[in-house]
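Have a look at this one before I ask anything.
For the numbers below, each heavy atom of this structure counts, side chains included, while hydrogens, waters and symmetry mates do not.
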Amino acid sequence: MDVISVIRTKRDKGELSPEQIDWVIDAYTRGVVADEQMSALAMAILLNGMNRAEIARWTAAMIASGERMNFDALSRPTSDKHSTGGVGDKITLPLAPLVAACGAAVPQLSGRGLGHTGGTLDKLESIPGWRALLSNEEMLHVLDTTGAVICAAGDGLAPADKKLYALRDVTGTVEAIPLIASSIMSKKIAEGTGSLVLDVKVGTGAFMKTIEDARELASTMVQLGTDSGVKTVALLTDMSTPLGLTAGNALEVRESVEVLAGGGPQDVVDLTIALAREMLAAAGIKDADPAKALADGSAMDVWRRMIAAQGGDPDATLPVAREQHVVTAPSTGVLTRLDAYDIGIAAWRLGAGRARKEDPVQAGAGVELHAKPGDTVTAGQPLLTLHTDTPEKFDYALKSLNGSWDIAAPGTGFTANPIVLDRIA
Ligand code: URA
């Protein structure tokens, strides 16, 4: 087997054989296939696609590159959620303890942010003392004793994906449906969850800009999960505007705690409950009521235990950025658009995200929204507050907020997108 013939097959729109796929993934993981060769293959896949059989084999090869975890010893059924990434997407934070409070075990292996979408681990690391890195034994202990664990995926899980994802990130090959589907599903299947709910984001702030592409990605992932014995369901959800009223690490933790306390923005509450219902149904738990578990404080109790079990202080004051800059509404009327991508870029430029894997993030940096599409705003009122420790970043962040909203004449009718756009099972 040689890598150049594998690259040529895909470059010429051919179908990769199972042997070619197994070999190239294994050889890349071992360093026998070089980064520049894998980049060429990833670009050929992005341009020419893969059929379902190729995607299934590619996913299986990435799973086989590392270890598989097993939660069979737990007394509760497991259910996990994965989001394809969005702006202000803090849903994992209230969702994992909520679903645990309703009777499932939630092993949530999460990532860090790269680019304009935030990462769950970066958000939680703004809680003083909280540790993302756990051994497999520690992870199982937290899961068993609190019902939920959110931590970094260990190096042993789908190492081929770790290497390939980092390469795709710097070679313009992230946005290939076969590569996204196999990347996500290899990690989730290797993780060993019994059921999985996918939150496939659609809109300017998401990888998938159109509902058609999101459907294709969702159905590919649902089929991969189902074929591997993992009960898998996908919700397609709106990412044309940020979720909730914050984008940035500590800002989003604060908002998540508000949701766990029974308040918080309605879109975050609605999506958290919709995903919780799907996770519980997929895990076979029929008689739980997630809305009640939010209202009666039982989800908050699990949150506090889960944070403390990983060294965090749930009562600690969260970091606040040193400097703020308020952006005001230029006219009076109805806010009809507030672009998720632009807000995500602004938060990232303010220091909430990183440009390279090794960059640090600022815990307090980000963007706070004072209005959402559908709200009436008055000229001069605060529309956004930008937060950063490094005020020299304000100008750069403000450049990304050029043309990021529309304000229509007062009284203009407005119909918001529903948060859940479709369901694929
Ligand atoms: N998230 C992943 O884990 N992989 C991708 O390819 C895209 C989003």
Side-chain angles (χ1 to χ4, degrees), residues 86-90 93 112-113 115-128 130 204-205 241-259 261 263-268 313 315-333 335 337-355 359-407:
V87 178
D89 184 3
K90 70 274 299 168
L93 277 56
R112 294 179 196 283
H116 75 283
T117 62
T120 298
L121 301 182
D122 294 330
K123 295 173 205 203
L124 285 168
E125 277 175 345
S126 64
I127 301 175
W130 188 85
T204 60
T241 203
L243 259 173
L245 294 169
T246 55
N249 301 311
L251 291 168
E252 293 191 47
V253 173
R254 192 192 70 205
E255 192 167 86
S256 303
V257 172
E258 283 167 18
V259 171
Q266 200 56 49
D267 57 346
V268 179
D313 176 359
D315 296 314
T317 307
L318 292 167
V320 175
R322 280 196 287 276
E323 304 280 340
Q324 279 73 34
H325 175 92
V326 175
V327 177
T328 54
S331 59
T332 295
L335 183 67
R337 185 178 67 85
L338 186 56
D339 188 83
Y341 180 74
D342 292 353
I343 301 282
I345 294 287
W348 175 48
R349 290 182 175 179
L350 289 164
R354 53 172 71 77
D359 291 346
V361 293
Q362 291 181 23
V367 180
E368 202 177 346
L369 280 54
H370 300 291
K372 295 272 282 186
D375 290 348
T376 296
V377 295
T378 309
Q381 79 155 75
L383 194 57
L384 307 170
T385 301
L386 313 188
H387 298 253
T388 186
D389 293 332
T390 37
E392 61 276 16
K393 295 189 174 189
F394 280 135
D395 278 351
Y396 187 38
L398 285 166
K399 284 201 177 82
S400 68
L401 295 173
N402 200 0
S404 306
W405 53 81
D406 292 326
I407 298 175

State, with a plain yes or no, whether a side-chain heavy atom of Val367 is found less than 4.5 Å away from one of Leu401. no

Heavy-atom side-chain contact between His325 and Leu398 under 4.5 Å: yes

Thr246, Leu369, Val326 screened by side chain to side chain contact (heavy atoms under 4.5 Å, CB included) with Thr385, the one that passes: Val326

Please give me the minimum heavy-atom distance between Asp389 and Ala321, naming the atom from each residue. OD1-CA, 3.3 Å

With side-chain contact (heavy atoms from CB on, under 4.5 Å) as the criterion, how do Leu245 and Glu255 come out once you've worked through the C-alpha distance, each side chain's angles and the decisive distance to 0.1 Å? CA-CA 8 Å; Leu245 294 169; Glu255 192 167 86; 3.4 Å; yes

Give the intermediate values and the outcome of side-chain contact (heavy atoms from CB on, under 4.5 Å) for residues Trp130 and Asp313. CA-CA 7 Å; Trp130 188 85; Asp313 176 359; over 6 Å; no

List the atom of Ala247, the atom of Ala347, and the distance in Å for their closest heavy-atom pair. O-CB, 3.8 Å

Kindly say whether Thr390 contributes a backbone atom to a donor-acceptor pair with the side chain of Thr388 at under 3.5 angstrom? yes

Does Leu318 form a side-chain contact (heavy atoms from CB on, under 4.5 Å) with Val257? I'd like the steps, not just the answer. CA-CA 11 Å; Leu318 292 167; Val257 172; 5.7 Å; no

Does the side-chain contact (heavy atoms from CB on, under 4.5 Å) test come out yes or no for Leu383 and His370, once each step is laid out? CA-CA 5 Å; Leu383 194 57; His370 300 291; 5.8 Å; no

side-chain hydrogen bond (donor to acceptor under 3.5 Å, both in side chains) with Ser404: of Asp342, Asp339, Thr204, only one passes, and it is Asp342

Considering residues, nucleotides and ligands other than Asp315, do more than 12 of their heavy atoms fall under 6.0 Å from its CG? yes

Could you tell me if the side chain of Trp405 sits less than 4.5 Å from the side chain of Val327, heavy atoms only? yes

Hey, what do you get for CG (Leu338) to OG1 (Thr241), rounding to the nearest 0.5 Å? 4.5 Å

Between Ser126 and Ala250, the two heavy atoms sitting closest are OG-CA, 3.4 Å

Suppose we screen for side-chain hydrogen bond (donor to acceptor under 3.5 Å, both in side chains). Which residues come up paired with Glu258, at least two apart in sequence or across chains? none

Heavy-atom nearest pair, Ser256 first then Lys90, reads OG-CG, 3.2 Å

Asp122 and side chain to side chain contact (heavy atoms under 4.5 Å, CB included): which single residue from Glu252, Arg354, Gln362 fits? Arg354

Among residues at least two apart in sequence or on other chains, which ones pass salt bridge (Lys or Arg N to Asp or Glu O under 4.0 Å) with Asp359? Arg356

Please confirm whether the backbone N or O of Asp406 pairs with a side-chain atom of Arg337, one donor and one acceptor, at under 3.5 Å? no

Can you give me the closest heavy-atom contact between Gly264 and Val259, atom names plus distance? CA-CG2, 3.9 Å

Pairs involving residues 360-374, ordered by first then second residue, that meet salt bridge (Lys or Arg N to Asp or Glu O under 4.0 Å) (sequence neighbours left out): Arg254-Glu368, Asp267-Lys372

